[in-house]
Asker: 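Pasting a structure below so you can have a look.
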Protein chains: 2
Amino acid sequence: MTTMTRVPASRQPETTPLWLKLSSYLVLSDDEKLYLSELEKTIVKQPPRSDLLQQGERYRDVRIIRDGWAIRHKALPDGRRQVVNFVLPGDIIGMYCTLFESADHSVTTLTQVEVASFPPERIGELFRSFPRLAAALAWSGAREEAMVAERLLSLGRRTALERTAHLIVELLRRLSVVNMAADGHFVLPVTQEILADALGLSIVHINRTLRRLRDSGLIELNGQRITVNDVRQLASVGQFDELYLHLIRAPRRLERTFSDNRSPRSGGRDEQAKA
Amino acid sequence: MTTMTRVPASRQPETTPLWLKLSSYLVLSDDEKLYLSELEKTIVKQPPRSDLLQQGERYRDVRIIRDGWAIRHKALPDGRRQVVNFVLPGDIIGMYCTLFESADHSVTTLTQVEVASFPPERIGELFRSFPRLAAALAWSGAREEAMVAERLLSLGRRTALERTAHLIVELLRRLSVVNMAADGHFVLPVTQEILADALGLSIVHINRTLRRLRDSGLIELNGQRITVNDVRQLASVGQFDELYLHLIRAPRRLERTFSDNRSPRSGGRDEQAKA
DNA sequence: CTGGCCGATTAACCTATGTTGTAGCCGCCT
DNA sequence: AGGCGGCTACAACATAGGTTAATCGGCCAG
């Protein structure tokens, strides 16, 4: 709402990345805002290259990333590795911890990361007392799946150049939502090895591919800063269609389905059950 | 439970594939069973090769597959296509229709398919009145994501032979849950083109790969019937680790989180706010 | 200052997989 | 009966991307 600084943004309690992200989906009430900030109360800092979660490990708390980057990845017994997705500020880890016994993937930090965590039991509470907020979190989780499916399309059917372009545009879009990208540039705290693992390529080939993108003037790289000179064109190279990011606001039927029609108090907005 | 026939299994109302699948995760009460069968009341048959959902289309009802196979796939503007997952009896389509405006993928039947459908609004009702059932459905959805992530690992880091072996074992495991596979054989109503699109390979190469699997005696193909002679060995070729299928029963904390602690009776709903 | 390590970069070479084209089979329509 | 379309099968050839190996620069510990 107010113009945003690019600072880690945790001055005012309510503008955490998660809040920003959810707000892009639906307008949150003050109650909801407050409850959300409750969830982000217990905060810890994790050093770079440390595991937030390990494949096979039992799930523990739910974690909210407040600052920094991480990767979600899976490994084969012989060491080959696939990065499933990048975990950015505003993303949630272990949302399914209530449903699954143990994790089928690892999450490892790339930079120093600030995480909030809360016990899984609160999810039940959330669904009961703040159904719209719960719906927004479900949206965030469903979007995650959509991103993985899109990456699958990339690995299966896009060439190395297309994949790489696609990923860059995706990151740009995602980071914009949490005010971490401006005019097409952002910090990409990632080695080429990690890019390779994300795109199913060899490290040498990712290097070649980045070179081609640079040579064609589509992007610039200075250290960890990447600049996209012409987003439209890069998107077209990557056949990027942002439909899968589901960035549009919640459909009207969401209110019908998830509005809290049980507590006339607290939730404060209407009820009027249907059918 | 009782010994199972391989018949479509819809004689007794409660043993639908979805019920079977969810029961493998948690024991459902009679109320829950009943409500589930309510959801499967409106039934329609779809011919083979027809769309249940089209990329870009607005979401409509939630659909439960009761019989037959379909694929969930995404296409690039130039026609290249990736099959994201196979949709089997007991699977659900459009679970996120409340959250998203329009679909980012298509679903197309491979065989004749029997689908039940219900309006998205009932999901809210479900979460309020039958939280354990809702949790089981959430489990099913989360598992879906896990499968896509595992396929991503396949496309990114497994060879054609490994991928193919992996997929076959996965299908075998999934079909077993709904009693559609016995002693390592099942019906695979799929052309090689579709396998190719699922595994990110060319149709010619999938053909070569199946040949290798047959020549090595790991599988047999007779028309659409596939027989896995040695599951252990095939799983080992595909580096298959079923952790990602999350086939184990619900963790204990699920009950703590989702048990309906609001209604001592059955359908009643109400409250006791938190904090 | 210096050695060691990590990551980026490039060249040369190799191979898994893609492409193109042909043939055979089977079921189905007329 | 003939022919057509969809699918499998395979051979021959082409290439995107993998592998290996060498170099270079930056950073840090001693």
Asker: OP1 or OP2 of D:dT8 versus the side-chain N and O atoms of B:R214: is any pair under 4.0 Å?
Answerer: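 No.
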
Asker: Just call it for A:R80: base, sugar-phosphate, or nothing, with non-hydrogen atoms closer than 4.0 Å on any strand.
Answerer: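 No contact.
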
Asker: Side-chain N or O of A:N207 less than 4.0 angstrom from OP1 or OP2 on C:dA8?
Answerer: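 So the side-chain polar atoms of A:N207 never come under 4.0 Å of the phosphate oxygens OP1 or OP2 of C:dA8.
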
Asker: Hey, can you tell me if B:H246 and A:F100 have their rings parallel, tilted or perpendicular (30° and 60° cut-offs)?
Answerer: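 Parallel, since the angle between the ring planes stays under 30°.
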
Asker: How does protein contact run along nucleotides 11-22 of chain C, one letter per nucleotide 5' to 3', with B for base contact, S for sugar-phosphate only, - for none, heavy atoms under 4.0 Å?
Answerer: BB----BBBB--

Asker: Between B:L210 (CG) and D:dC10 (C1'), how many Å, whole number?
Answerer: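 From B:L210 CG to D:dC10 C1': 14 Å.
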
Asker: What heavy-atom pair brings B:L88 and B:I65 nearest, and what distance separates the two atoms?
Answerer: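 The answer is O-CB, 3.7 Å.
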
Asker: Between A:D91 and A:R72, does at least one N-O distance fall below 4.0 Å, as a salt bridge requires?
Answerer: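 A salt bridge is absent here (no side-chain N lies under 4.0 Å from a carboxylate O).
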
Asker: Does B:E150 pair with B:R158 as a salt bridge, N-O distance under 4.0 Å?
Answerer: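 Yes.
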
Asker: Among residues at least two apart in sequence or on other chains, which ones pass ring-ring contact (aromatic ring centres under 6.0 Å, His included) with B:Y59?
Answerer: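 With neighbours one apart ignored, the set is empty.
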
Asker: Tell me the interatomic distance from A:L188, atom CG, to C:dG7, atom C1', rounded to whole angstroms.
Answerer: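 Spelled out: CG on A:L188 to C1' on C:dG7 is 15 Å.
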
Asker: Assign the ring pair A:F240 / A:H166 to parallel, tilted or perpendicular, where the plane angle (0 to 90°) is split at 30° and 60°.
Answerer: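 If you compare the ring of A:F240 with that of A:H166, the planes turn out tilted.
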
